[in-house]
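Have a look at the structure below before the remarks.
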Amino acid sequence: MRVSRKIAVTLAGAAVLAQAAACSSDEPAAGRQPQAAAEATTPAETPSPEPTHPFTGLPGAARRPVLAAKIENTSAGKPQLGLRSADIVYVEQVEAGLTRLMAIFSSKLPPKIGPVRSARISDLHILPQFGKPALAYSGVQTKMIPKVQQASLVDVSDSRAPGAYFRQPGRYAPYNLFAEPKKLLAQAPGVSKAKDIGFTFGDAPEDGTPRKSFSVRYPAARFTFTWSDSAKKWLVWQDGKKDMAAEGGQLGAPTIVVQYAKTERSEFHDLNQSYTPLVHSTGTGRAVVLRDGQAFKARWSRESERDGTVFTTENGEPMNFAPGQVWVVLAAPKPVIP
C-alpha cells in the first residue's frame with residue numbers, strides 16, 4: 001500500500017512539470033509577454049540632429065535679429081574691432097580700387113564694432129536676402145538717400161541712432177567712429193531674424209586641390225589667405241601684412257568664398273570723380289571655395305535679390321562650407337576700376 005501511494009504521487013508531480021514545460025517552450029501564457037520579445041518589438045529611437053545656425057553651421061537653434069555694419073578696411077582704420085564675432089564678412093570694392101567690409105552679426109554680438117564708415121550702392125543689393133536687417137553706417141551721398149529709404153533694411157546710421165555711436169580715443173576722424181551693437185538693435189524695430197540664405201555646411205567634396213595660400217587682387221588692394229593647420233582656418237593678410245584684430249590675434253575664418261561677379265560703374269562717384277563700383281550679386285558665376293587647406297572650384301547662383309546665394313560644385317552638388325565664420329570676397333573676374 002505504501003509503495004503504490006508513493007508511485008501515484010510521483011506520477012502526478014511529473015504530469016504537472018510536463019504541463020509547465022509545454023507552456024514555457026511554445027507560447028507565452030495568456031496575458032503575459034516574455035521580456036526578450038517585448039524588447040525586440042520596441043523601435044530604436046534615432047536622435048534628431050541638433051539645429052545649426054544658417055549663417056555659420058554651428059550648433060544653435062536661436063534665430064536672433066540680423067545686424068549689418070559697414071567697416072573701414074584701409075590701413076588708416078586698422079585694426080578693426082568686432083570682426084571676430086561676425087557670422088559673415090563681405091569684402092566689396094569701392095572707389096579708387098580700394099575695399100570696404102560689410103560684417104553680418106546675428107548669432108553673437110560683440111560689445112563694440114568699428115570703425116563704422118559710409119554705405120555703398122552694392123550693399124543695398126546684397127542685403128535683401130537677409131529680409132529686413134538693420135544697417136549700421138555713417139552716411140551716404142545725398143543722391144543715394146532715397147535709395148536707402150526704399151531699401152529692405154532698418155536704418156540705424158549715426159544720424160538715426162546717434163546714442164549707439166561714440167568716438168574712440170586714440171584714433172582720428174573719420175576712422176574713430178565706433179558703435180555698440182546692442183544699442184543699435186534696440187533702435188531697430190521690425191528687424192528680421194536670421195534665416196536660410198542658401199549656405200550649406202558639412203563634409204567637403206572629394207575633388208579639392210591642396211593649397212597653402214590663395215590671393216585675390218583688386219586694383220589698389222591685395223588679399224592673401226593662408227591656411228593654418230593648427231588654427232584650422234585661413235588667416236587673412238592684406239597688402240602683404242597680417243590683418244590683425246583689435247581684440248588680439250590675426251583675423252581668419254574656416255571658409256573663404258571668392259565670388260567672382262560682374263563689377264561696373266554705378267551712377268555714384270566721390271568728390272574726386274572716382275566712380276563707385278556696382279557689384280552684381282544676382283545671376284550666376286564662378287567661385288572658389290577655400291576650406292580645410294584645399295581650394296574647390298564652384299558655381300554660385302542667386303535668382304533675385306530676395307533669394308539667398310546658392311553655391312554648388314562643378315557637378316551641381318551642394319558646395320558645403322566648414323562650420324564657422326564665412327568670408328565672401330566679391331571680386332571682378334579681372335581687376336577693374338569702373
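Keep in mind that this is a model prediction, so the values were computed, not measured. Atoms considered below: every heavy atom in the structure, side chains included; atoms not considered: hydrogens, waters and symmetry mates.
- Looking only at atom types and distance, the side chain of Asp87 has no donor-acceptor partner in the side chain of Ser106 under 3.5 Å away.
- Rounding to the nearest 0.5 Å places CG of Asn73 at 9.0 Å from CZ of Arg100.
- Inter-residue side-chain proximity for Arg286 and Arg299 is flagged as met; some heavy-atom pair is nearer than 4.5 Å.
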Q | Working for side-chain hydrogen bond (donor to acceptor under 3.5 Å, both in side chains), residues Asn315 and Thr313 | A | CA-CA 5 Å; Asn315 296 327; Thr313 66; 4.8 Å; no
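- Residues Val289 and Val326 fall within the same hydrophobic cluster, defined by Ile, Leu, Val, Met, Phe, Trp and Tyr side chains chained together at heavy-atom separations under 4.5 Å.
- Residues Arg120 and Glu92 are not paired through a salt bridge, judged by the lack of any N-O separation under 4.0 Å between the basic side chain and the carboxylate.
- Evaluated for a side chain to side chain contact (heavy atoms under 4.5 Å, CB included) with Val154, the options Gln187, Lys132, Arg160 yield exactly one hit, Lys132.
- Looking at Gln80, its side chain never comes within 3.5 Å of a backbone N or O of Gly77 through a donor-acceptor pair.
- Between Ala194 and Val66, the shortest heavy-atom contact is N-CG2, 3.6 Å.
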Please table the atom pairs, donor to acceptor, closer than 3.5 Å between any side-chain atom in residues 240-248 and protein atoms at least two apart or in another chain.
residue : atom : partner : partner atom : Å
Asp243  : OD1  : Lys78   : NZ           : 2.7
Asp243  : OD2  : Lys78   : NZ           : 3.3
Glu247  : OE2  : Gly82   : N            : 2.9

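- The line from CG of Leu153 to CG of Leu127 is 6.5 Å long, rounded to the nearest 0.5 Å.
- Interatomic distance, CG of Asp292 versus NZ of Lys233, reported as 13.5 Å (0.5 Å rounding).
- Residue Leu101 is not grouped with residue Val94 when hydrophobic side chains (ILVMFWY) are merged at heavy-atom distances under 4.5 angstrom, including chains of intermediate members.
- Side chain of Ser152 to backbone of Pro128: no donor-acceptor contact under 3.5 angstrom is found.
- Screening residues 304-332 for salt bridge (charged side-chain N to carboxylate O under 4.0 Å, His left out), with sequence neighbours left out, gives no hits.
- Counting heavy atoms of neighbouring residues, nucleotides and ligands inside a 6.0 Å radius, atom NZ of Lys182 does not exceed 12 of them.
- Inter-residue side-chain proximity for Met319 and Pro205 is flagged as met; some heavy-atom pair is nearer than 4.5 Å.
- In this structure, CD1 on Ile197 lies 11.0 Å from CD1 on Ile126, to the nearest 0.5 angstrom.
- Within the 4.5 Å cutoff, the side chain of Pro115 has heavy atoms near those of the Phe178 side chain.
- With rounding to the nearest 0.5 Å, the separation of OG1 in Thr56 from CD1 in Ile88 is 8.5 Å.
- In terms of modelled atom types and a separation under 3.5 Å, the side chain of Lys262 and the main chain of Ser281 share no donor-acceptor contact.
- Cluster membership for Phe296 and Phe201, using ILVMFWY side-chain heavy atoms within less than 4.5 angstrom, is shared.
- Looking only at side-chain heavy atoms (C-beta outward), Val310 and Trp300 stay at 4.5 Å or farther from each other.
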With a cut-off of 3.5 Å and sequence neighbours excluded, list every side-chain donor-acceptor pair involving residues 140-150.
residue : atom : partner : partner atom : Å
Gln141  : NE2  : His269  : O            : 3.0
Lys143  : NZ   : Glu267  : O            : 3.3

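- Side-chain contact check for Val328 versus Phe199: some heavy-atom pair is nearer than 4.5 Å.
- The side-chain heavy atoms of Val257 and Val329, taken from C-beta on, include no pair separated by under 4.5 Å.
- Without hydrogens or angle criteria, Thr284 side chain to Ser301 main chain gives no donor-acceptor distance under 3.5 Å.
- A donor-acceptor contact shorter than 3.5 Å is absent between the side chain of Gln238 and the backbone of Thr74.
- Between the side chains of Trp234 and Ser228, no donor-acceptor pair of N or O atoms lies under 3.5 Å.
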Q: Let me see the working for Leu177 and Asp158 under side chain to side chain contact (heavy atoms under 4.5 Å, CB included), right down to the final yes or no.
A: CA-CA 9 Å; Leu177 184 65; Asp158 59 338; 3.9 Å; yes
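- A heavy-atom distance below 4.5 Å is found between the side chains of Ile121 and Thr276.
- Sorted by first then second residue, the ring pair (Phe, Tyr, Trp, His ring centres under 6.0 Å) pairs that include residues 129-159, not counting sequence neighbours, are Phe55-Phe130.
- A donor-acceptor pair under 3.5 Å links the side-chain atoms of Ser122 to the main chain of Val279, judged by distance alone.
- Although no hydrogens or angles enter the test, the distance criterion places no donor-acceptor pair under 3.5 Å between the side chain of Gln259 and the main chain of Ala261.
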Expected list for residues 210-221: side-chain donor-acceptor pairs under 3.5 angstrom, two or more places apart:
residue : atom : partner : partner atom : Å
Arg211  : NE   : Ser213  : O            : 3.3
Arg211  : NH2  : Ser213  : O            : 3.2
Ser215  : OG   : Thr224  : OG1          : 2.9
Tyr218  : OH   : Leu330  : O            : 2.7

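- When atom types are taken as modelled, the side chain of Asp239 and the backbone of Arg222 share a donor-acceptor pair closer than 3.5 angstrom.
- Side-chain heavy atoms closer than 4.5 Å link hydrophobic residues (I, L, V, M, F, W, Y) into clusters, and following such links, possibly through other members, connects Val288 to Trp327.
- Linking ILVMFWY side-chain heavy atoms closer than 4.5 Å, directly or via other members, places Leu184 and Leu109 in a single hydrophobic cluster.
- A donor-acceptor pair under 3.5 Å links the side-chain atoms of Asp155 to the main chain of Ser157, judged by distance alone.
- The closest donor-acceptor contact from the side chain of Gln325 to the backbone of Ala86 lies under 3.5 Å.
- Met102 CE to Tyr90 OH: the interatomic distance, rounded to the nearest 0.5 Å, is 6.5 Å.
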Donor-acceptor list for residues 162-170 side chains, cut-off 3.5 Å, not counting sequence neighbours:
residue : atom : partner : partner atom : Å
Tyr165  : OH   : Val156  : O            : 2.6
Arg167  : NH1  : Asn176  : OD1          : 2.7

Q: Please step through side-chain hydrogen bond (donor to acceptor under 3.5 Å, both in side chains) for the pair Asn320 and Thr200, ending with a clear verdict.
A: CA-CA 5 Å; Asn320 290 336; Thr200 60; 3.1 Å; yes
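- Using a 4.5 Å cut-off on side-chain heavy atoms (C-beta onward), Ile104 and Val89 make no contact.
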